[in-house]
Undergrad: 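Right, I'll just put the structure down here and ask away after.
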Amino acid sequence: MNISKTHRGRAAAAVSLTAVLALTATACGDDGSGSAGGAEGSGKGKIVFWDNNGGVRTDIWKEIIADFEKKNPDIHVQYVGVAAPEAQSKYDNAIQGGGLPDVGGVGAAMLAGIAAQDALEPLEGRIAKSSLEGKLNKGMVESVKSAGGSGEHMYNVPISANNGVLYYRTDLFKKAKLAEPTTWDTFYQAADKLTAAKKNEFGYTIRGGAGSIAQAMDAMYGQSGITSFWDASGDKTTLNDPKNVAALEKYTGLFKKVTPSADLNNDFIKMVAQWDSGTIGMVNHNLGSYQDHVKALGADKFRGIPQPIGPGGKRVQVSNPVDGLGLFKSSKNKEAAWKFIEFAASHEANSKFNESAGLIPANTEAATDAWISETEPTKLAAQTLNDGSTSIVQLPYYLPDWNTVSKADNEPEFQKVLLGKTTAKAFLDKMADELNKAQAEWKDQKKS
C-alpha cells in the first residue's frame, strides 16, 4: 500500500475527469464540473443532502429538514439516505465520477480521505461569521481539525459525538445472579455463564461484519491498558504490542463459544437487531442504538454502561469519530447549503437530532438540555469522558486511507481470525505494517 500514490491518484482523477463530469446529470446536487466549479449561488432553490447513516437516521433528518424548510420556504432540501457501510465508497465514486451533493454527512473516520481529494470547503471562516461561533464543543472542534489532516482547517461542522457502550440484559443478569459487567473479568464470566447454545441462548454477540475492527480495537486496548496508538517515537503503532495480541486472542476466542455463529457476517444493524430480538446477554455498540433497544426491550430490561474497566482500575477505550456535515466545493448553491448546515448545528435542531440518536450534542447549548440527564447511557458516557476516569486512545483518522485500512482492506482478515484461519498476531502484524508505512508517508508529505 502506498498512501501518497493513492492520494495523488485520486486527486488527479478528480481533475482529469472534468470533461466527463460536465456531462453528468445534476440530480445529486452539482453540475459535474469538479470541486473547483462551485459557486455561492442565490441562497435559494434546491440543495441535495446525503445522510451518511441512511435508514438509521432517516426519520430524524427528515424532521429537521421539514423544520428548516418551514423557516426557509425558498430553499428545498432533497434528502438522500446512504447506508453507513457504503458512504466512503459513494463519496469517492462521486468525486471521481460526478454527482456530489451540496451537503453531506462526513464522519471523522472518512474526513481526511475526502479532504485530501480537495472536495470539501474549509468552514472555519463561515463559522466565525455565523450564529455557531463559540457554540461548538471545543473538543469536537479539535477532533475535526485533527481528523481533516491539517490540524488547522475544519472540513465539517460537528453535529455529534459517539461513545462505546456495553449493553447488557439486566433481567438475564438478575436471573443468573451475575454481577454487573463493569470489569473485563466480570464480562468474560457473564458471557460464559449466560450461554446455553442448545437453547439458542448466548452470553455475547460479537461483530464480525462491517465495522468489526473498531469494536475489536476497543476490546484490545481496554484489556491491555495501553493508552497510545503510537509508540514514543510516533513512528510505530502499538496495535501489535504483545499485550494487544493476547487481548485479541481472548476476545476472538468468544466466537461460536459464547456467541451465535451468524455473528461472522453481522454489521451493526444485524448485530443490534439480533440482540434486541433474542436472548443474548451482552452486546458492544455505541450510544446510537439506545433508542432501538428501548423500543425492542423496554428500558427496564437492559442498561447501557461505559466500557469495562481494565488493568489497575483504569478504563481505556479507542476514540469514536465525531460526525458532522460537510459543504462540498462543487456545490452551485453554497449559501443555501451553509444555511442548512448552520440550522442543523443550532441549539434546537442539534438537541432534537441527538436526543433521537442518543448521542452527545456538538452544540454547547444543546448539551445542557434536560434530556441528556434522563438518558442514562448518554449521561454516563459524558461523565466518563469528562471526569478523568477514562483514557482515550486517539486513532489516526488523519491518515488519508485510515478508513480503508481499518475497514475494507482488513475486515475479511478479521473474519479469518474468528474462523481460526489466521492468528491474531498475524492479523495485527499485517495491519501494523500498513499503518506504519502510512504514518511514515504522511509525515514525509507534511515536510514537503
Undergrad: Is it true that K71 and D67 have a side-chain N and a carboxylate O under 4.0 angstrom from each other?
TA: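 No.
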Undergrad: Ignoring hydrogens and geometry beyond distance, is a side-chain donor-acceptor pair present between E180 and Y168 at under 3.5 Å?
TA: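 Yes, side-chain donor-acceptor contact under 3.5 Å.
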Undergrad: Do any N or O atoms from the side chain of T238 and from the backbone of S228 form a donor-acceptor pair under 3.5 angstrom?
TA: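 Checking the backbone N and O of S228 against the side chain of T238, a donor-acceptor pair under 3.5 Å is found.
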Undergrad: Where do V393 and I226 land on the side chain to side chain contact (heavy atoms under 4.5 Å, CB included) test, with the steps shown first?
TA: CA-CA 8 Å; V393 179; I226 296 170; over 6 Å; no
Undergrad: Within the distance-only criterion (no hydrogens, no angle test), does the side chain of N363 pair as donor or acceptor with the backbone N or O of A345 below 3.5 angstrom?
TA: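 Answer holds: yes.
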Undergrad: Heavy-atom distance under 4.5 Å between the side chains of K314 and I309, does that happen here?
TA: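 K314 does not reach I309 side chain to side chain.
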Undergrad: Going by the ring pair (Phe, Tyr, Trp, His ring centres under 6.0 Å) test, name the single residue among F340, F68, F328 that passes it with F49.
TA: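 Result: among F340, F68, F328, F340 is the only option passing the ring pair (Phe, Tyr, Trp, His ring centres under 6.0 Å) with F49.
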Undergrad: Between E434 and K430 (salt bridge meaning N to carboxylate O under 4.0 Å), is one present in this structure?
TA: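 Between K430 and E434 there is a salt bridge, with a charged N closer than 4.0 Å to a carboxylate O.
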Undergrad: What's the separation between atom CG in N266 and atom OG1 in T259, rounded to the nearest 0.5 Å?
TA: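 One finds 9.5 Å between CG of N266 and OG1 of T259.
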Undergrad: Applying side-chain hydrogen bond (donor to acceptor under 3.5 Å, both in side chains) between N284 and each of Q215, R207, Q307, report the one that passes.
TA: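 So, applying the side-chain hydrogen bond (donor to acceptor under 3.5 Å, both in side chains) to N284 and each of Q215, R207, Q307, only Q307 qualifies.
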Undergrad: Without hydrogens or angle criteria, can the side chains of S351 and D369 be said to hold a donor-acceptor pair below 3.5 Å?
TA: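 Side-chain D/A pair, S351 to D369: present.
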Undergrad: Taking the side chain as every heavy atom from C-beta outward, state whether R315 and P306 have any atom pair closer than 4.5 Å.
TA: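 Yes - at least one pair of side-chain heavy atoms lies under 4.5 Å apart.
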Undergrad: Is it the case that the side chains of Y79 and T58 hold a donor-acceptor pair, with the cut-off being a distance below 3.5 Å and no angle test?
TA: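 Side chains of T58 and Y79: pair found under 3.5 Å.
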Undergrad: Would you call the rings of Y167 and H293 parallel, tilted or perpendicular if under 30° counts as parallel and over 60° as perpendicular?
TA: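 Taking H293 first and then Y167, their aromatic rings stand perpendicular (interplane angle over 60°).
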Undergrad: Side chains of T375 and E355: do they bring a donor and an acceptor to under 3.5 Å?
TA: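 Result is no, nothing qualifies.
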Undergrad: In Å and rounded to the nearest 0.5 Å, what is the CG to CG distance from L325 to N52?
TA: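 Result: 8.0 Å between the selected atoms.
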Undergrad: Could you tell me whether a side-chain N or O of N333 sits under 3.5 Å from a main-chain N or O of G43, the two making a donor and an acceptor?
TA: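 A pair under 3.5 Å: yes.
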Undergrad: Are any side-chain N or O atoms of D102 and backbone N or O atoms of V48, one a donor and one an acceptor, separated by less than 3.5 Å?
TA: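 Yes; at least one donor-acceptor contact below 3.5 Å.
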Undergrad: Indicate yes or no for a side-chain donor-acceptor contact from N403 to the backbone of Q88 under 3.5 Å, with no hydrogens or angles considered.
TA: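 No.
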Undergrad: Has the side chain of Q223 got a donor or acceptor atom that lies under 3.5 Å from a matching backbone atom of A219?
TA: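 Indeed, once roles are kept as given, a pair shorter than 3.5 Å links the two residues.
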Undergrad: Give a yes or no on whether K407 atom NZ has more than 12 heavy-atom contacts from other residues, nucleotides or ligands under 6.0 Å away.
TA: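 No - once you tally the heavy atoms of other residues, nucleotides and ligands closer than 6.0 Å, there are 12 at most.
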Undergrad: Could you point out which residue of W442, F229, Y155 forms a ring pair (Phe, Tyr, Trp, His ring centres under 6.0 Å) with Y398?
TA: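 Per the ring pair (Phe, Tyr, Trp, His ring centres under 6.0 Å) rule, the option paired with Y398 is W442, out of W442, F229, Y155.
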Undergrad: Taking N137 for its side chain and M140 for its backbone only, find out whether a donor-acceptor pair lies under 3.5 Å.
TA: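 Confirmed, N137 side chain pairs with M140 backbone.
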Undergrad: Taking S89's backbone N and O only, do any of them form a donor-acceptor pair with N93's side chain (distance below 3.5 Å, no angle check)?
TA: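 Confirmed, N93 side chain pairs with S89 backbone.
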Undergrad: Between the side chain of N163 and the main-chain N/O of I360, is any donor-acceptor distance below 3.5 Å?
TA: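 No, N163 side chain to I360 backbone: no donor-acceptor pair under 3.5 Å.
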Undergrad: Kindly indicate, with the supporting measurements, whether the criterion side-chain hydrogen bond (donor to acceptor under 3.5 Å, both in side chains) is fulfilled by S42 and E335.
TA: CA-CA 7 Å; S42 65; E335 183 180 340; over 6 Å; no
Undergrad: Considering all heavy atoms of both residues, which atom of N156 and which atom of P158 are nearest to each other, and what is their separation?
TA: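 Looking at all heavy atoms of both residues, the shortest contact is O-CD, 3.7 Å.
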Undergrad: Does any part of the side chain of H285, heavy atoms only, come nearer than 4.5 Å to the side chain of V272, both counted from C-beta?
TA: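 Of all side-chain heavy-atom pairs linking H285 with V272, at least one is under 4.5 Å.
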Undergrad: Should the pair E413-K416 be classified as a salt bridge under the 4.0 Å nitrogen-to-oxygen rule?
TA: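 Yes, E413 and K416 are salt-bridged.
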Undergrad: Report yes if the side chains of Y204 and I206 come closer than 4.5 Å at any heavy-atom pair, otherwise no.
TA: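 Answer yes - side chains close enough.
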Undergrad: Within the 4.5 Å heavy-atom criterion, are Y91 and V106 side-chain neighbours or not?
TA: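 With C-beta onward as the side chain, the pair touches.
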Undergrad: Could you walk me through whether Q415 and N265 pass the side chain to side chain contact (heavy atoms under 4.5 Å, CB included) test, one step at a time?
TA: CA-CA 8 Å; Q415 290 181 320; N265 296 305; 3.3 Å; yes
Undergrad: Which atoms form the tightest heavy-atom contact between L287 and N162, and what is the distance?
TA: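 Smallest heavy-atom distance, with atoms named: N-OD1, 3.0 Å.
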Undergrad: From the options K352, R57, K70, select the one residue that forms a salt bridge (charged side-chain N to carboxylate O under 4.0 Å, His left out) with E63.
TA: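 The residue from K352, R57, K70 that satisfies salt bridge (charged side-chain N to carboxylate O under 4.0 Å, His left out) with E63 turns out to be K352.
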Undergrad: Do the charged groups of K443 and D235 touch, with an N to O distance under 4.0 Å?
TA: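 Result for this pair is yes, salt bridge flagged.
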Undergrad: Please work out which of the three classes, parallel, tilted or perpendicular, describes the rings of F302 and W275, given edges at 30° and 60°.
TA: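 It falls in the perpendicular class, over 60°.
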Undergrad: Does this structure show an ion pair linking K295 with D276, if we count only N-O contacts that are shorter than 4.0 Å?
TA: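 Salt bridge: no.
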Undergrad: Would a distance-only check, ignoring hydrogens and angles, find a side-chain to backbone donor-acceptor pair under 3.5 Å from S373 to A370?
TA: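 Judged by distance alone, yes, a pair lies under 3.5 Å.
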Undergrad: Side chains of W338 and I127: closer than 4.5 Å at any heavy-atom pair?
TA: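 They are in contact (side-chain heavy atoms under 4.5 Å apart), so the answer is yes.
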Undergrad: Do NZ/NE/NH1/NH2 and the carboxylate oxygens of K332 and E40 come within less than 4.0 Å?
TA: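 Answer for the salt bridge query: no.
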Undergrad: Indicate whether any N or O donor in one side chain lies under 3.5 Å from an N or O acceptor in the other, for S224 and N244.
TA: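 S224 vs N244: donor-acceptor pair found between side chains.
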Undergrad: Should the pair R303-E376 be classified as a salt bridge under the 4.0 Å nitrogen-to-oxygen rule?
TA: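 The answer is yes: the pair qualifies as a salt bridge.
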Undergrad: Decide yes or no for R169 and L297: does some side-chain heavy atom of the first lie under 4.5 Å from some side-chain heavy atom of the second?
TA: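 SC-SC contact between R169 and L297 confirmed.
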Undergrad: With no hydrogens and no angle check, do the side chains of D263 and T205 hold a donor and an acceptor under 3.5 Å apart?
TA: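 Yes.
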Undergrad: Is the cationic atom of K236 (NZ for Lys, CZ for Arg) positioned less than 6.0 Å from the six-membered ring centroid of W230 and within 45 degrees of its normal?
TA: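 No, K236 does not lie over the aromatic ring of W230.
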Undergrad: Taking side chain as C-beta onward, heavy atoms only, is K329 less than 4.5 Å from L100?
TA: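 Not in contact.
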